[in-house]
Amino acid sequence: MNRISDYIPAKEYLKAEIANVLSDLGVIEVIPKVEVPADPNYGDFSTNVAMVLARRLKKNPSDLAQDLVQKLLDKKLRFIKEINFVSPGFVNFYLNYQWLYEFIEYVYESGPENFAKVNIGNNSSVQIEFVSANPTGPLHVGNGWWAAYGDSLARLLSRCGYLVSKEYYVNDTGGQIRTLGESILASKKKIEPPENGYRGEYIDKLAQEYSGVDDIYETGKWAAEIILKDIKDTLLKMHVEFDSWYSQDHIERGGAVEDTLNELEQKGLIYKKDGATFLASEKLGDSRDRVLIKSNGDITYTCGDIAYHRDKFKVRGFDRVIDVFGADHHGQVASLKSAMTALDIDEANLEIQIGQMISLVGAKMSKRSGNFVKLDDFLDDVGVDAARLMSLMNSIDQATVLDIDLVKSTTMDNPVYYLQYAYARICSIQQNALKESLNIDDLANVELSLLTDPKEIALLKIISEFEDIVVDAANMRRPHKITTWARQLASGFHSFYHDCKVIDLKNPDLTMARLALVEVTKISLTVALDLLGVTLLEHM
RNA sequence: GCGCUCGUAGCUCAAUUGGACAGAGUGUCUGACUACGAAUCAGAAGGUUGCAGGUUCAAAUCCUGCCGAGCGUACCA
């Protein structure tokens, strides 16, 4: 076993062998589930397949499990030390450490370039649209929260073999732009802003700078452009870079709307009522029919949005589109999905990830009230890496409460330092090793079987789960799973570091084996933090 | 009212998507630096997973009903 291509993860190997035994029993088309038990006392791996199949085969799960155990033992599989049956029907596998030593070779040879790079996307294209905050004010913390999510998801899918494109939809036209212009002109004239208008320092500042004509739309357009530039800068500061900034104005005036309306018209899904033009979306799954063209001739936002999404699939040809919405936009989901159905686009290819709302302790986030915490300031206060990691610690399904003051005051306790410190320690060890001329020139000469300390084994097991975690996080669109794992890894490493001195001049063989383990830890940590977009430093 | 989402340690969040004893951080308490970086490690305490039923060998997870929270319910965007 010296070539990467020969390597089969232990879990996959077990899966295949279990499937073989099952087919001997006449059970086919079953992919047994093999997992790592939470409690190591239940073995290195376990399967619940006996319990799952018991009903179908009309057999007692424990009989089935014990039968399975015996048949698997008879095969004298490699790596296997012991196979157990545990009531009510778990089958647990205990492996000798050889599988971990081969795993080290695999990771070592893969390096950060190739380790945990599993192709599940097959070069299909996916567009991820996120942030897309209206250019009517600076980004606030809530916007930034999902910026990290979208960006990290893009990194994940990209590593997993998708061709990813990141997009920001710029709502640079319509009523809000007029309201923005109106608000600025009001500030210039020192009068009250309109109802639902924007206020705050940035409005006053823009008003001072504005020297153009007294036209609310012109003023609004002018201001939106400036604000958008600031938004771009803030996102760059957060290490979020978009591939494209797509203009709503372009969609609405560039023919996309006409094409969409024509197509819907041809399908007979459009009708007029009360002087307005409706899409018959209710019968396609929406809660009611939607207005596309108002009775005054203006098109609705919904209409533009449908044209925009049609453009993503039919004009630009993305295989899959992922929209990241805040929970306050969940009402659009049914409309968009039914509209895709109307346009013969498989709605399953339009995924909408809903992020639960972020609330601030002691503050509201509203651009209209002018009372919000700017993302830019937040990044300055807590640091980009801490901000990103913080947001990537929780699932977007979890409504999050953010106490800005608490976050600022506990910056030194932030988990990001825990991860970065682990990396800095690794680099430090490697530098010290180098000073003693201890470096691995050929892993084949390293006696990996010297790694038997419980902390060494525990660390290796954590690393061995990483590829599954990556695939899982990508498939479920949940990058926070990477964070959860990375924290486990760092914990495992710190604990190992404490118990096992790596550099021991009196024991060069063990030193080399441990250096290999350190390198493998470094590789996996590097990949994980790259997926999260968190930077690693050799010194802190 | 209706709809969507959510409810897990004091606080902030995890939990291999139906698995075994619900885990981390933080806070509180107790230990560990004349060994590679103590921004660390080891330990204690903290829970009837909002409540009540149901399905299942197995439920924080699925179903039903309550309770509570957020959001939505425009010819706004």
Side-chain angles (χ1 to χ4, degrees), chain A residues 33-39 41-42 46 48 50-52 54-55 60-62 86-90 92 134 136 171 173-177 179 196 248 273-278 287-288 290-305 326-334 354-357 359 390 393-395 397-403 406-407 410 412-418 420-422 424-425 427-433 435-436 465 468-469 472 476 478 480-481 483-485 487-488 490-491 494-504 511 514 518 539-540:
Chain A
K33 188 170 149 187
V34 174
E35 52 189 21
V36 179
D39 184 341
N41 289 325
Y42 288 123
S46 79
N48 63 358
M51 291 179 287
V52 174
R55 178 175 296 229
N60 187 316
S62 63
V86 177
S87 181
F90 289 101
N92 297 335
N134 292 340
T136 52
N171 303 134
T173 186
Q176 71 207 333
I177 296 298
T179 305
N196 284 328
Q248 183 185 358
K273 194 178 121 191
D274 302 332
T277 302
F278 282 76
S287 54
R288 67 164 165 281
R290 300 284 166 178
V291 175
L292 297 179
I293 303 176
K294 305 180 204 172
S295 50
N296 70 3
D298 287 351
I299 65 167
T300 60
Y301 176 84
T302 303
C303 179
D305 212 20
D328 52 342
H329 289 97
H330 75 257
Q332 293 167 25
V333 174
I354 302 289
Q356 293 302 306
M357 302 307 283
S359 57
M390 227 178 286
M393 286 211 298
N394 6 348
S395 164
D397 300 320
Q398 179 73 231
T400 298
V401 181
L402 204 56
D403 186 330
L406 190 67
V407 166
T410 59
M412 284 303 280
D413 301 324
N414 194 285
V416 76
Y417 292 99
Y418 190 75
Q420 290 178 327
Y421 187 51
R425 273 184 156 172
C427 294
S428 179
I429 291 170
Q430 291 183 330
Q431 276 161 17
N432 291 336
K435 279 182 211 156
E436 303 290 348
E465 292 190 65
D468 280 348
I469 297 284
D472 208 33
M476 311 195 63
R478 291 292 178 272
H480 79 275
K481 286 175 178 295
T483 316
T484 304
W485 176 87
R487 296 176 71 192
Q488 275 175 38
S491 173
H494 284 307
S495 185
F496 153 77
Y497 176 91
H498 189 265
D499 281 17
C500 306
K501 181 137 183 356
V502 175
I503 297 172
D504 179 357
T511 298
R514 286 183 169 164
V518 167
H539 304 283
M540 294 177 64

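So you know, we letter chains A, B, ... as the sequences are listed, proteins then strands, and number each from 1.
Contact annotation: A/H480 reaches the phosphate of B/A15 (side-chain N/O to OP1 or OP2, under 4.0 Å). Using a 4.0 Å cut-off, some side-chain N or O of A/K481 falls inside it from OP1 or OP2 of B/A15. Put simply, A/K33 has no side-chain N or O that comes within less than 4.0 Å of OP1 or OP2 on B/U16.
With B/G19, B/A14, B/C75 as the choices, the nucleotide that has an atom nearest any side-chain atom of A/N48 turns out to be B/G19. The side chain of A/P37 lies closest to B/A20 when the candidates are B/A20, B/C75, B/G37. Minimum atom distance to the side chain of A/N394 is reached by B/A14, of the listed B/A20, B/A14, B/A39. Nearest to the side-chain atoms of A/Q356 among the listed nucleotides B/G19, B/C6, B/C75 stands B/C6.
You won't find any donor-acceptor pair under 3.5 Å spanning the side chain of A/N432 and the base of B/A35, going by distance alone. One cannot find a donor-acceptor pair under 3.5 Å joining the base of B/A24 and the side-chain atoms of A/S491. Residue-to-nucleotide contacts include no donor-acceptor pair under 3.5 Å from the side chain of A/D328 to the base of B/G72.
Within the 4.0 angstrom heavy-atom criterion, no nucleotide atom of any strand lies near A/A54.
A/R478 pairs with exactly one of A/D472, A/T483, A/D397 by the side-chain hydrogen bond (donor to acceptor under 3.5 Å, both in side chains) rule, that one being A/D397.
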